[in-house]
Amino acid sequence: MSEIPHEQANDAIRQADILIIGGGLSGAMLAVQLLRLPGRRSVLVIEPRAELGRGEAYSAVELGHTLNGNAARMSVDPDSADDLTQWLTAHIAAGGWPESDQQSVPVSELFPPRGLFGEYVQQRLAEAQVAGAANGSSVEHVRAEVVDLENLADGVRLTLSDGQRLRGTYAVLATGMFPAARTPQAHSSGLNAAALDPWDVAAMRQLDPQSTVLIIGSGLTMVDAVVSLEQAGHRGPIEVFSRHGLLPHVRRQPPAWADFLGEDPSIRTPRQLVRELRRHCRDAIARGIDWQAPLDTVRVHIPRLWSQATDLQRRQFVRHVRPWWESHHHRSPPLSAELVARLHGEGRLRIQAASFKGLEPSSGDELGIRIRRRGEPCECVVHGVALINSSGIEYDWRRVARPLPRQLLARGLVQPGPLALGIAATADGAVIGADGQVASRLFAMGPPLRGMWWESTAVTDVALQAKALARRLTQPL
Ligand SMILES: Cc1cc2nc3c(=O)[nH]c(=O)nc-3n(C[C@H](O)[C@H](O)[C@H](O)COP(=O)(O)OP(=O)(O)OC[C@H]3O[C@@H](n4cnc5c(N)ncnc54)[C@H](O)[C@@H]3O)c2cc1C
């Protein structure tokens with residue numbers, strides 16, 4: 001990995017112990033954990049958004065865009081599973097979120113709006129800042145995009161979008177997820193320009209309420225898009241197209257189930273996993289127990305199973321198990337699922353197994369997309385007044401059109417992770433360069449580590465990684 005000698009680095013204007021690149025949930029939680037540890041340190045979080053702790057997910061403003069797990073599952077504190085429940089209890093008691101009484105369940109079973117969850121994260125950050133200040137530690141938000149990163153002999157140097165430069169002893173890539181819609185591939189087909197933002201209710205209010213809306217993708221972003229359309233007063237047909245035509249299941253609160261993977265370490269391959277899981281689900285159903293009970297025991301083992309697997313096994317998982325895993329594991333919050341089920345039942349929302357092939361030139365107020373339905377040899381064109389792209393995330397950094405991923409790849413400071421999902425890193429998050437060397441000062445957490453752990457995105461993944469990485473960064477070099 002190329003390093004710039006120390007003396008060339010004197011033009012850096014600001015300096016900190018730790019530079020966190022990205023101030024979404026990952027960046028904010030890492031800052032919290034760093035502030036909680038003993039010792040004195042300075043942290044700069046570089047984030048173009050106005051607020052830390054939100055990112056795309058928790059900048060949501062609609063109450064209907066909720067977490068996909070209930071409060072008891074979404075603590076950001078790995079040492080206190082009740083942390084969000086306690087915060088929500090106090091928040092509701094103080095008059096916040098009055099609509100929560102519509103769910104008539106205990107606070108731990110509420111599915112909070114994601115915007116409110118962002119407020120919780122911000123409050124935990126503010127509290128940690130006060131506690132850290134007592135030790136002389138500080139966290140500051142630098143509002144810009146990082147466009148380049150260089151290794152120095154004794155640290156790293158960042159270049160920001162406003163030309164500013166920062167130096168740090170360590171840098172952490174907490175850059176989150178890059179939406180598929182903003183990739184060059186999608187852009188070249190015009191999809192990016194033609195599609196509505198799934199969360200932009202104001203833009204949806206401009207549509208003719210009786211018109212047909214087309215949605216590509218049928219996962220949780222589609223569910224959010226349907227909530228947005230409903231909120232915007234849309235009452236026309238919604239046509240959803242996705243490769244497998246699978247809808248996310250609804251999240252329930254299943255009882256505990258034996259940890260069969262923990263008890264039997266011989267289960268390692270995707271085939272063994274699916275066979276055993278099916279057996280346990282059948283067993284549960286036969287005993288009148290929700291199939292979600294055995295499924296929910298699998299989650300904690302996924303990072304281990306994925307990191308132990310060969311590339312061939314990982315490919316088999318992605319090819320054969322992934323669609324099923326996504327629809328069964330990444331489940332829908334109950335109120336959103338109810339809405340989708342109602343519209344489906346009324347025939348207003350249709351889901352078709354079809355692949356998106358491209359955009360047709362638009363005519364008048366309508367646009368057309370070319371699709372190929374599953375099992376059919378020919379493509380056909382379907383029309384609507386609007387298109388929403390909810391086809392997911394671009395994990396392959398080589399296809400992400402942002403300056404920092406491009407520069408890091410061009411400088412050889414990162415290499416693609418397994419199956420080109422995110423970037424390669426060690427178990428403790430140290431980034432691996434193109435030459436195979438492990439960086440001593442550059443780390444990553446959260447979605448960029450998708451290829452290392454498969455599940456590296458959810459609130460609980462990020463919270464655990466933040467705690468472990470904070471410890472690692474505060475150890476002597
Ligand atoms: C719409 C949506 C809903 C979700 N809902 C749930 C849920 O209900 N439950 C759950 O467990 N998980 C959910 N997730 C997963 C969620 O992404 C993670 O929980 C979490 O947001 C990941 O945090 P992050 O900080 O790593 O990434 P992000 O939230 O994506 O934040 C990354 C930040 O980095 C910044 N950034 C990127 N590049 C640079 C750069 N070069 N310089 C400076 N800043 C940069 C971006 O501006 C962004 O703010 C959801 C995700 C999305 C997108």
Side-chain angles (χ1 to χ4, degrees), residues 19-31 44-62 65-71 73-76 84 111-118 121 125 141-149 158-162 164 166 171-182 197-199 219-225 227-228 248 251 299 329-333 336 390 392-395 397 400-408 422 429 444-450 455-466 469:
L19 304 170
I20 302 179
I21 306 172
L25 179 68
S26 295
M29 288 329 297
L30 178 60
L44 295 178
V45 184
I46 307 98
E47 164 62 56
R49 290 175 196 269
E51 296 179 38
L52 294 183
R54 291 192 181 271
E56 176 81 59
Y58 311 112
S59 296
V61 290
E62 290 299 326
H65 292 155
T66 69
L67 288 178
N68 66 350
N70 55 300
R73 294 167 181 265
M74 293 288 159
S75 164
V76 294
L84 174 57
F111 287 72
R114 292 201 300 272
L116 185 59
F117 181 84
V121 173
L125 176 59
H141 178 188
V142 178
R143 205 169 160 199
E145 179 179 358
V146 176
V147 294
D148 199 5
L149 183 152
L158 307 185
T159 305
L160 310 191
S161 45
D162 58 7
Q164 211 186 140
L166 308 175
V172 177
L173 299 165
T175 48
M177 306 198 272
F178 298 101
R182 289 168 212 163
D197 181 329
W199 300 284
L220 290 174
T221 304
M222 178 280 289
V223 174
D224 265 6
V227 170
S228 306
R251 183 172 292 288
R299 178 66 172 80
H329 174 68
H330 295 285
R331 301 200 286 271
S332 188
S336 314
S390 59
I393 308 301
E394 182 56 82
Y395 283 104
W397 277 35
V400 173
R402 301 300 315 161
L404 183 63
R406 288 200 161 170
Q407 282 299 102
L408 288 169
M445 65 174 293
L449 302 184
R450 167 81 156 173
E455 292 293 346
S456 183
T457 299
V459 169
T460 41
D461 303 320
V462 164
L464 281 168
Q465 286 183 21
L469 184 54

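In listed order, ligands and their atoms are each counted from 1. Here the structure is a predicted model, which is why all the values come from computation and not from measurement.
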Of the protein's non-hydrogen atoms, which lies at the shortest distance from [atom], and what is that distance?
atom: atom 29 (O) of ligand 1; answer: G55 CA, 3.6 Å
atom: atom 24 (P) of ligand 1; answer: S26 OG, 3.3 Å
atom: atom 2 (C) of ligand 1; answer: A57 CB, 3.6 Å
atom: atom 47 (O) of ligand 1; answer: E47 OE2, 2.9 Å
atom: atom 38 (N) of ligand 1; answer: T175 CG2, 3.6 Å
atom: atom 6 (C) of ligand 1; answer: Y58 OH, 3.7 Å
atom: atom 34 (O) of ligand 1; answer: G22 CA, 3.3 Å
atom: atom 22 (C) of ligand 1; answer: T457 O, 3.9 Å

Under 4.0 Å between heavy atoms, the region of R49 that gets near ligand 1 turns out to be side chain

Side chain, backbone, both or neither: which part of R114 comes within less than 4.0 Å of ligand 1 when only heavy atoms are counted? side chain

Candidate with minimal heavy-atom separation from [atom], of [options]:
atom: atom 40 (C) of ligand 1; options: I46, V146, L408, L25; answer: V146
atom: atom 11 (O) of ligand 1; options: V459, V400, T66; answer: V459
atom: atom 28 (P) of ligand 1; options: S59, S390, G176; answer: G176

Enumerated ligand 1 atoms positioned under 4.0 Å from heavy atoms of [X]:
X: P447; result: 26 (O)
X: A144; result: 43 (C)
X: N68; result: 7 (C), 8 (O), 9 (N), 10 (C)
X: M177; result: 17 (O), 30 (O), 51 (C), 53 (C)

Any N or O of R54 that comes nearer than 3.5 Å to an N or O of ligand 1? no

Contact check: D224 vs ligand 1, nitrogen or oxygen atoms, below 3.5 angstrom: no

With sequence neighbours excluded, residues passing side chain to side chain contact (heavy atoms under 4.5 Å, CB included) with A463: P78

Sorted by chain and number, sequence neighbours left out, side chain to side chain contact (heavy atoms under 4.5 Å, CB included) with S75 holds for D77, D83, Y120

With rounding to the nearest 0.5 angstrom, report the [atom1] to [atom2] distance, [X] to [Y].
X: I21; Y: L408; atom1: CD1; atom2: CG; value: 7.0 Å
X: D461; Y: M445; atom1: CG; atom2: CE; value: 10.0 Å
X: L30; Y: Q465; atom1: CG; atom2: CD; value: 10.5 Å
X: H330; Y: L220; atom1: NE2; atom2: CG; value: 8.0 Å

Side-chain heavy-atom pair [X], [Y] within 4.5 angstrom cut-off:
X: E56; Y: M177; value: no
X: T221; Y: W199; value: yes
X: V459; Y: V76; value: yes

Would you please determine whether [X] falls within less than 4.0 Å of ligand 1 on a heavy-atom basis?
X: F117; answer: no
X: A174; answer: yes
X: A60; answer: no

Does R251 reach the main-chain N or O of S332 with its side chain, forming a donor-acceptor pair under 3.5 Å? no

Please check: side-chain N/O of R114 versus main-chain N/O of A57, any donor-acceptor pairing under 3.5 Å? yes

Going by the angle between their ring planes, with limits at 30° and 60°, are Y58 and F117 parallel, tilted or perpendicular? tilted

For a side-chain contact (heavy atoms from CB on, under 4.5 Å) with L173, tell me which candidate from I20, L404, V146 qualifies. L404

